[in-house]
Amino acid sequence: MINKILAAPAAALADVRDGATVMIGGFGNAGMPAELIDCLIAQGAKDLTVVNNNAGNADSGLAALIGAGRVRKILCSFPRQTDSWHFDRLYRAGKLELELVPQGTLAERIRAAGAGVGAFFTPTAFGTRLAEGKETRHINGRDYVLEYPIYADYALLKADRADRWGNLTYRKTARNFAPIMAAAAKCTVVQVRETVELGQIDPEHVVTPGIFVNRVIKVL
Amino acid sequence: MINKILAAPAAALADVRDGATVMIGGFGNAGMPAELIDCLIAQGAKDLTVVNNNAGNADSGLAALIGAGRVRKILCSFPRQTDSWHFDRLYRAGKLELELVPQGTLAERIRAAGAGVGAFFTPTAFGTRLAEGKETRHINGRDYVLEYPIYADYALLKADRADRWGNLTYRKTARNFAPIMAAAAKCTVVQVRETVELGQIDPEHVVTPGIFVNRVIKVL
Amino acid sequence: MKRLDRNQIAARVARDIPEGAYVNLGIGLPTLVASHLPQDREVIIHSENGILGLGPKPAPGQEDEDLIDAGKAPATILTGGAYFHHADSFAMIRGGHIDICVLGAFQVSAAGDIANWHTGEADAIPAVGGAMDLAAGAKQVFVTMEHLTKQGESKVVERCSYPLTGLRCVTRIYTDLAVIDVKSDGLHLVEIVAEGLSFDELQRLNGVALKYRAAA
Amino acid sequence: MKRLDRNQIAARVARDIPEGAYVNLGIGLPTLVASHLPQDREVIIHSENGILGLGPKPAPGQEDEDLIDAGKAPATILTGGAYFHHADSFAMIRGGHIDICVLGAFQVSAAGDIANWHTGEADAIPAVGGAMDLAAGAKQVFVTMEHLTKQGESKVVERCSYPLTGLRCVTRIYTDLAVIDVKSDGLHLVEIVAEGLSFDELQRLNGVALKYRAAA
């Protein structure tokens with residue numbers, strides 16, 4: 001019997017190795033998998049490359065992971081916030097590499113990884129500093145920049161409900177990057193508010209099918 | 001007040017011009033917008049380019065449109081079926097141009113049009129006859145073919161429920177190409193089984209948001 | 001001369017947003033536009049983080065941490081709204097489905113280039129968010145800004161000196177002094193909005209040449 | 001020599017599909033694999049037209065025109081299944097999320113090339129469906145076919161003479177005579193399945209050289 005629901009949260013991330021690329025869901029705090037990030041901090045992996053829209057807020061979650069010195073590089077669209085002091089400090093000290101990616105390009109690059117697209121031409125950022133050095137092309141009257149997929153070893157996500165096959169639903173704007181990150185990572189680990197019996201999620205309402213999910217943890 | 005629900009089906013397609021590109025939803029008969037196709041036949045536009053997974057079955061729907069000689073070119077993945085005689089006859093007579101596209105490439109090209117992607121590299125069909133003459137590239141250890149978006153003037157779709165903002169849900173595998181075609185066409189026309197009050201579709205369960213829908217017709 | 005305040009600029013923008021439009025409002029002044037839309041006009045607001053039909057701020061105590069807007073402030077959703085993921089959300093933007101986006105800016109050029117994401121200072125931590133996607137993707141890009149810097153220099157310029165967000169994308173500029181259309185042949189004054197400001201004085205302040213055809 | 005029949009080939013494939021696998025079954029013989037999976041083994045079948053958790057054929061009278069499989073036959077969905085649209089469905093395929101796909105073929109080459117979509121006849125109306133996507137995208141591509149043509153020629157060949165569906169993608173071949181792995185150094189016999197067939201005779205029929213290491 002397939003059962004992706006794990007009993008012990010620690011087991012969910014035991015195999016994360018130093019140098020891994022980890023996608024972390026969430027837009028600000030909505031959809032941020034706080035408990036899984038705490039697990040990752042406790043687990044100890046370092047030299048991580050993190051993919052998230054932001055670079056952490058205040059002292060918990062992603063900010064705590066960054067503050068603990070575990071992150072070598074971050075790919076995000078909006079690192080600078082009023083309470084991104086851990087990021088700011090390490091970035092200014094040259095201890096944290098930043099790859100700044102426009103938000104839609106970030107989303108599409110993640111989607112491309114999960115969808116088997118090798119590269120794509122996007123109009124976003126053409127002619128700007130963020131396209132410097134990138135291949136461009138004029139297609140059908142418009143200028144485009146070539147962008148590549150972002151693959152990950154792990155995706156750490158927060159969803160609302162899951163069944164034992166790993167089918168997921170989300171709550172409101174906590175959905176954000178989770179469905180595309182689930183598909184882009186080799187191992188997708190999800191914390192959920194509620195686990196339900198198979199069949200409790202209507203097949204029409206599944207947002208992330210279990211094919212993209214490896215491990216589920218219920219967080220109380 | 002926004003109200004995309006039209007009273008008279010004929011009005012839904014009155015402005016289709018000769019030479020238009022028309023996407024038609026459906027995979028076989030599931031999701032095939034039979035009544036809208038009948039409207040299009042009655043409306044009279046010709047020299048159409050049609051995008052559908054197939055090339056019509058038996059004598060109704062898309063097959064009838066083809067049989068009536070209205071289609072100049074068809075983009076599809078699987079034209080040949082036991083009952084595709086209208087297509088077969090016109091194709092063999094040299095009166096119907098065929099662009100054969102692998103099913104996943106067809107879907108991704110339609111998706112690219114709606115998503116503002118100028119072109120993309122796909123591994124599908126590399127080294128085969130269907131990639132002849134196309135640009136290829138070796139990326140990260142793998143070979144890819146460059147493919148371009150398929151844009152349309154109209155999308156004719158069948159959905160299950162719609163509200164006056166054009167939010168849509170589908171039934172089972174009748175969903176197929178409809179959500180991506182809705183986004184790829186300049187004017188998306190949808191026939192539905194049921195129209196409902198705004199708010200009757202849970203925001204979590206909307207499959208095609210109304211932003212992609214222009215006109216809705218209830219078909220009894 | 002009496003300049004418009006931020007709410008008056010937002011109200012002036014709101015006047016130009018038609019019934020049924022799909023609109024994305026940037027953070028700051030653009031966000032104010034929502035509260036100036038007429039009650040009887042249905043406009044559907046898109047939020048990059050996955051909402052169509054963004055509603056007003058929630059009442060105190062009604063906040064939901066899973067329901068926020070693109071500025072990460074507590075939000076609501078209107079009846080008829082929809083949730084979706086980030087790739088779908090930016091497909092809407094990049095694919096040209098947003099009728100109007102309203103952005104703030106440091107500078108706008110006569111060609112419609114916009115600079116709004118980076119001051120160009122060497123030690124600044126850069127952050128771009130969805131600005132470049134909106135600039136490149138929306139059918140119309142409206143810019144709201146004060147017309148002049150604190151030093152009195154025009155933010156409407158021949159060429160932007162700040163790093164660009166997007167090229168040739170701005171269609172209309174709303175400032176505390178004027179409303180200006182960006183067209184292929186240059187800048188066209190639509191309306192002077194500051195009371196007591198003459199065309200000649202606006203032209204002097206604006207720097208870049210303004211075309212103007214008085215209503216017949 | 002007693003060759004396997006179609007159901008026996010399907011049953012042999014089914015043995016190799018592990019619990020929890022995500023599997024796509026092509027039209028024809030591959031479809032038969034589903035009915036040979038052990039009842040106690042959960043395998044999730046993907047259908048290109050937007051199903052994960054494809055179930056058995058519906059009982060007569062229970063057909064639903066909105067619920068069909070990739071072969072357009074009436075279908076059912078298992079408890080725990082999901083529906084999705086075509087771009088998402090082929091993202092699963094192209095993105096390497098399908099563990100195993102089972103395809104029929106006209107020919108398979110020693111390098112793992114597969115030809116299964118076109119006879120190469122000049123006047124044939126071509127049709128490809130999802131075959132090229134599956135060949136390019138699935139983690140493992142299993143091929144089922146009769147080993148020999150009606151003329152007695154091997155369908156396992158040095159180089160395919162029919163138009164290709166995909167290059168270097170087949171991982172295992174199941175025929176009425178044998179199970180053969182395709183590896184970087186050539187073809188490896190896994191098992192002779194036809195009763196009374198010797199390795200030497202199989203080698204002669206197969207044409208292309210087969211490696212074989214008997215179990216220790």
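Note on naming: letters A, B, ... go to the chains in the order of the sequence lines (proteins, then strands), and numbering restarts at 1 for each one.
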Quiz item: Under a 4.5 Å heavy-atom cutoff, which of B/Pro149, B/Gly116, B/Ala112 has the most pairs with chain C?
Solution: B/Gly116
Practice problem: State, to 0.1 Å, how close C/Ile98 and B/Ile211 come at their nearest heavy-atom pair, and which atoms those are. | Solution: CD1-CD1, 3.9 Å
Practice problem: Decide side-chain contact (heavy atoms from CB on, under 4.5 Å) for B/Trp165 and C/Leu78; before the verdict, give the C-alpha distance in whole Å, the side-chain angles of both, and the deciding distance to 0.1 Å. | Solution: CA-CA 12 Å; B/Trp165 281 12; C/Leu78 299 181; 4.3 Å; yes
Quiz item: Looking at C/Ala82 and B/Asn167, what are the two nearest heavy atoms and their distance?
Solution: CB-OD1, 4.3 Å
Quiz item: Looking only at heavy atoms, which two atoms of B/Pro203 and C/Ile77 are closest? And how far apart?
Solution: CB-CD1, 3.9 Å
Quiz prompt | C/Ile44/B/Ile2 under side-chain contact (heavy atoms from CB on, under 4.5 Å): CA gap, chis, key distance, verdict | solution = CA-CA 10 Å; C/Ile44 298 177; B/Ile2 300 168; 3.7 Å; yes
Practice problem: Give a yes or no on whether B/Arg17 atom CZ has more than 12 heavy-atom contacts from other residues, nucleotides or ligands under 6.0 Å away. | Solution: no
Quiz item: For B/Arg137, does the CZ atom have more than 12 heavy-atom neighbours from other residues, nucleotides or ligands under 6.0 Å away?
Solution: yes
Practice problem: Answer yes or no: does atom NZ of C/Lys211 have more than 12 heavy-atom neighbours from other residues, nucleotides or ligands under 6.0 Å? | Solution: yes
Quiz item: Which pair of heavy atoms, one from C/Gly81 and one from B/Val206, lies closest together, and at what distance?
Solution: O-CG2, 4.0 Å
Quiz item: Which heavy-atom pair separates B/Ala115 from C/Ala91 by the least distance, and what is that distance?
Solution: CB-CB, 3.6 Å
Quiz prompt | Partner chain C: residue of B/Gln200, B/Arg164, B/Glu197, B/Lys4 with the largest heavy-atom pair count (under 4.5 Å) | solution = B/Arg164
Quiz item: Any chance CZ of C/Arg168 has more than 12 other-residue heavy atoms, nucleotides or ligands included, within less than 6.0 Å?
Solution: no
Quiz item: Is the CD atom of C/Gln8 crowded by more than 12 outside heavy atoms at less than 6.0 Å?
Solution: yes
